[in-house]
A.B. asks: 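One structure is given below, represented as structure tokens, and several questions about it will come after.
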There are 2 protein chains.
Amino acid sequence: MATGRTHRPATRSRGIPEATVARLPLYLRALTALSERSVPTVSSEELATAAGVNSAKLRKDFSYLGSYGTRGVGYDVEYLVYQISRELGLTQDWPVVIVGIGNLGAALANYGGFASRGFRVAALIDADPAQTGKMVAGLPVRHTDELEDIVEHNQVSIGVIATPAGAAQEVCDRLVAAGVTSILNFAPTVLSVPDGVDVRKVDLSIELQILAFHEQRKAGEDLGEAVAAARDTLPKAVAEPVTEPARRPGPDGDVPAVMPA
Amino acid sequence: MATGRTHRPATRSRGIPEATVARLPLYLRALTALSERSVPTVSSEELATAAGVNSAKLRKDFSYLGSYGTRGVGYDVEYLVYQISRELGLTQDWPVVIVGIGNLGAALANYGGFASRGFRVAALIDADPAQTGKMVAGLPVRHTDELEDIVEHNQVSIGVIATPAGAAQEVCDRLVAAGVTSILNFAPTVLSVPDGVDVRKVDLSIELQILAFHEQRKAGEDLGEAVAAARDTLPKAVAEPVTEPARRPGPDGDVPAVMPA
DNA sequence: CCATCTTTGTGCACGCGTTCACAAAGACAT
DNA sequence: ATGTCTTTGTGAACGCGTGCACAAAGATGG
């Protein structure tokens, strides 16, 4: 997911697999739900079901953290919550800035899941002077001019980009220059960052496109494979597209690629 | 990512790897950008850079679709845009419903990336009667009571869930019962669905937690590994947590797990 | 103290995805 | 037409992640 070069093959001190790290938040959520219900211990089987994964996978994941279970009993919920939180770095406070306070930025600012997990929204930043000073989620929107000051003053190391695609790279560069070393990118662009900076991206339309792919395939199967078979025997590339290459510009600074079937 | 059982090992007619499918939207975006600039052809090297991937990977990905390139020249941009669009199913119209019109739901409704790629927002649905009739992104918010009617009448097969965690499973069940077979879930819950239904989830706080993990590791390395080494020699599990298991309830229907270090 | 039963932790095998490296294919110049 | 040069398409090797299956560990009861 990240754009930064190789994903730290060097100095992997404890060597927790990336796939495992990605699942830890899942386990943590399931565990906190159990903790809320005052459940003292849980077996790998139960917890796996709650987290939506395989129990063997879960046990192997936990084995990378250490031996925190008790054979014949299961895992101590409270203790495991603490261990995973610590491993993920959630026992400390992470100031975060959100850049681009449009619909999405505002939604992110209001999202409870951040504050509740150690992430503190330090500031909301937008380039539009008309937005400056407006209150969103209890915080005043501040102008992009202040970006560097805000990042440095608050020791911000994590930045969230929710700007239009066109502005994302510049914002990214400025964040990195100011000291941010982790970026969560919602803009539909590939960001290039120097080594040592992590980028994760979330693209809403990509997820939908993947769903559409599977949906199309389901429909094709229902039709008895005939359509798919016909498609397979399409003529090979003929330099110029046979069908009309009609395109219309999109409203998000990104260009769509939809052709009438 | 999906919760549904094994990810269709059977009837894989054309057998495009899941990882490749996930990258096709990336290529498509890069290609449409080139198309906008009227670039006629592009080499795998250039396109790979634009999409942020390895050129060998890109070529292998395209090889699953067919031989659409010309050796010594590269790929015809327009033709490739068309082929990928067709493969992803973007040449057809996909009516989509968004359930849960809070901050996030409204942001999604306004997101241009949907409409521009063949996804048509058929309706916005919310459980709050006070919201009913309100205009969001040019569409009236409709009440949950109408969910089944809307889905069936508009032949909706893709649903987006942006409700609080507590309501997600029920909404999901109703969507599925009404005929939806693909779900994009933004609620922080594991959804259980019958076989044949695809679920993809996007969890904003999970992404941040993964970043925090890497960020913490970076900081640890800067401190000369000493801290990390000290952590490694922690006493083993002692039935009861040594440190305080303090917890405070979170505002998002989900419980946080943050302990003061 | 011993037997039984439950559940963890992990060795092992398998499959998918990634990357390398190169032969084949075509463009282009002469 | 022939040779050179560029770029694709892919065989093969490698590494990571997953899941099975089981031995070891501990709880529990007699």
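Just so we're on the same page: letters track the sequence lines, and every chain starts at 1.
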A.B. asks: Quick one: are the ring centres of A:Phe114 and A:Tyr111 less than 6.0 Å apart?
C.D. replies: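 Ring centres of A:Tyr111 and A:Phe114 closer than 6.0 Å.
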A.B. asks: Quick one: on DNA chain D, does B:Ala56 or A:Val73 contact a more 5' nucleotide (nearest heavy atom)?
C.D. replies: B:Ala56
A.B. asks: May I ask you to verify whether the side chain of A:Lys60 and the base of D:dG19 hold a donor-acceptor pair under 3.5 Å?
C.D. replies: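 Such a pair exists between side chain and base.
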A.B. asks: Want to settle it: does A:Arg23 or A:Arg71 sit nearer the 5' end of DNA chain D, counting the closest nucleotide to each?
C.D. replies: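 Going by which nucleotide is closer to the 5' end, it is A:Arg23.
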A.B. asks: Take atom CG of B:Leu58 and atom P of C:dG17, then tell me their distance rounded to the nearest Å.
C.D. replies: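 Those two atoms, CG and P, are 16 Å apart.
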A.B. asks: Of the nucleotides D:dT18, C:dT18, C:dG9, which has the atom closest to the A:Ala19 side chain?
C.D. replies: D:dT18
A.B. asks: Expressed in angstrom and rounded to an integer, what is the separation of A:Arg59 atom CZ from C:dT7 atom C1'?
C.D. replies: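 Atom CZ in A:Arg59 sits about 8 Å away from atom C1' in C:dT7.
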A.B. asks: For D:dT8, does either OP1 or OP2 sit under 4.0 Å from a side-chain N or O belonging to B:Ser44?
C.D. replies: yes
A.B. asks: A:Glu18 CD to D:dG17 C1': how many Å, rounded?
C.D. replies: 12 Å
A.B. asks: Within the side chain of A:Lys201, is there an N or O that forms a donor-acceptor pair under 3.5 Å with the backbone of A:Phe186?
C.D. replies: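 Side chain of A:Lys201 to backbone of A:Phe186: no pair is present.
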A.B. asks: Give A:Phe62 one of three labels, base, sugar-phosphate or nothing, depending on what nucleic acid heavy atoms sit under 4.0 Å from its own.
C.D. replies: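 No contact.
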A.B. asks: Rounding to a whole Å, what distance do you find between B:Tyr75:OH and C:dA27:C1'?
C.D. replies: 16 Å
A.B. asks: How many Å lie between NZ on B:Lys57 and C1' on D:dG15, as a whole number?
C.D. replies: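 After rounding, the gap between these two atoms is 13 Å.
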A.B. asks: Taking the ring of A:Tyr68 and the ring of A:Phe62, is the distance between their centroids below 6.0 Å?
C.D. replies: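 No.
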